[in-house]
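The block underneath contains the structure these notes are about, expressed in structure tokens.
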Amino acid sequence: KGGMGEVYRARDTQLKRDVALKVLPPVFSSDPDRLARFQREAELLASLDHPNIGHIYGIVQADHNWALVLALIEGPTLQDRIKQGAIPADEAIAYSKQIVDAMEYAHEHGVVHRDLKPANIKITPDGVVKVLDFGLAKALDQRVAKSLDPENSPTLTMGATQAGVIMGTAAYMSPEQAVGKAADRRADIF
């Protein structure tokens, strides 16, 4: 459960596979700004195709309920793994390399995550890292920005995400985010 929705394990009966459904809370379903941000998350995530970034399959709507259909990633979050105790150096290096690969790819494709933290990273049973939850993501360059509706850009027009408004998880925010300044790829590196 997070600020932009709750995630459930579900069954895709058409394609006979388990998926993750990120459901927009009902209280936000009639809020055009929240719906636009939800749509933007889907579009930004769909623009990324990397083995260390969780995939999106689509958006579904039933009545007034909206959900992102995402790849179901089995395994603990990095936060859960950290709670188990010290991570051996070789394991930590392997995870770090995969996170860096994912974020470098996102940055090269004009996307900054802005909420990178251990709870948004899963580790599969095979040791593959998957970066998740692009709910606060922002388009960095014109290639991505042009393919998205700028009217719905959370960094341009939406009250809850305008420049000067602090967004993210306090313990993991870059200094720029913490004081409400514009965030770029350095926010993810921090």
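In this text the structure is predicted, and so the values were computed from the model without any measurement. Start at 1 with the first residue, then count along the sequence.
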task = Using modelled atom types only, decide if a donor and an acceptor are shared between the side chain of K130 and the backbone of P51 within a distance under 3.5 Å.
result = yes
task = Mind checking the CD-CE spacing from E108 to M103? Nearest 0.5 Å is all I need.
result = 11.5 Å
Test item: V69 and I56 side chains (from C-beta on) under 4.5 Å apart, heavy atoms = no
task = Flag this pair as yes if the NZ/CZ of R81 is under 6.0 angstrom from the six-membered ring centre of Y95 and inside a 45 degree cone about the axis; otherwise no.
result = no
message = Rounded at 0.5 Å granularity, tell me how far CD in E104 sits from NZ in K97.
response = 13.0 Å
inquiry  = Would the distance check show the side chain of D126 and the main-chain N or O of V128 forming a donor-acceptor pair, the cut-off being under 3.5 Å?
reply    = no
inquiry  = Do L72 and Y57 sit in one hydrophobic cluster, given that two such residues count as connected whenever their side-chain heavy atoms are within less than 4.5 Å of each other, even indirectly?
reply    = no
key: Nearest heavy atoms of A20 and A71, plus distance in Å   = CB-O, 4.0 Å
inquiry  = Using the side chain to side chain contact (heavy atoms under 4.5 Å, CB included) definition, which of the options I53, L48, L44 pairs with H109?
reply    = L48
key: For T13 against K16, the heavy-atom pair lying closest together   = O-NZ, 3.4 Å
ask   = Are the side chain of N52 and the backbone of V129 linked by a donor-acceptor contact shorter than 3.5 Å?
value = yes
key: Point-to-point distance, once rounded to the nearest 0.5 Å, from NZ of K22 to OH of Y8   = 13.0 Å
task = Kindly indicate whether the side chain of L21, heavy atoms from C-beta on, has any atom under 4.5 Å from the side chain of V7.
result = no
request  = Answer yes or no: is there an ion pair linking E74 with K122, defined by an N-O contact shorter than 4.0 Å?
outcome  = no
Distance-minimising heavy-atom pair for P32 and S30 = CD-O, 3.3 Å
message = Could you go through K117 and D133, starting from their C-alpha distance and side-chain angles, then the distance that decides it, and tell me whether this counts as salt bridge (Lys or Arg N to Asp or Glu O under 4.0 Å)?
response = CA-CA 10 Å; K117 59 187 178 183; D133 197 354; over 6 Å; no
ask   = Hey, does L68 have a side-chain heavy atom less than 4.5 Å from the side chain of F38?
value = yes
message = With heavy-atom distances below 4.5 Å as the criterion, would you say the side chains of I121 and T77 are in contact?
response = no
inquiry  = Can you tell me how far apart CG (D63) and CD (Q61) are? Round to the nearest 0.5 Å.
reply    = 8.0 Å
ask   = Judged by atom type as modelled, is there a donor-acceptor pair below 3.5 Å linking the side chain of N65 to the main-chain atoms of V23?
value = no
ask   = Can you tell if the side chain of L35 reaches within under 4.5 Å of the side chain of W66, non-hydrogen atoms only?
value = yes
inquiry  = Quick check: do I123 and D80 have side-chain heavy atoms less than 4.5 Å from each other?
reply    = no
query = Under a 4.5 Å cut-off applied to non-hydrogen side-chain atoms, are D12 and D18 in contact?
reply = no
key: V19 side chain near L70 side chain, heavy-atom distance below 4.5 Å   = no
ask   = Counting only N and O atoms by type, is there a donor-acceptor contact under 3.5 Å from the side chain of Q98 to the main-chain atoms of V100?
value = no
inquiry  = Between H113 (side chain only) and L132 (backbone N and O only), is there a donor and an acceptor less than 3.5 Å apart?
reply    = yes
query = Are I73 and I99 joined in one hydrophobic group, where the rule is that I, L, V, M, F, W and Y side chains link up if heavy atoms are under 4.5 Å apart?
reply = no
inquiry  = I'd like to know whether V111 forms a side chain to side chain contact (heavy atoms under 4.5 Å, CB included) with Y105, so could you lay out the CA-CA distance, the side-chain angles of the two residues, the decisive distance to 0.1 Å, and finally the verdict.
reply    = CA-CA 9 Å; V111 176; Y105 178 87; over 6 Å; no
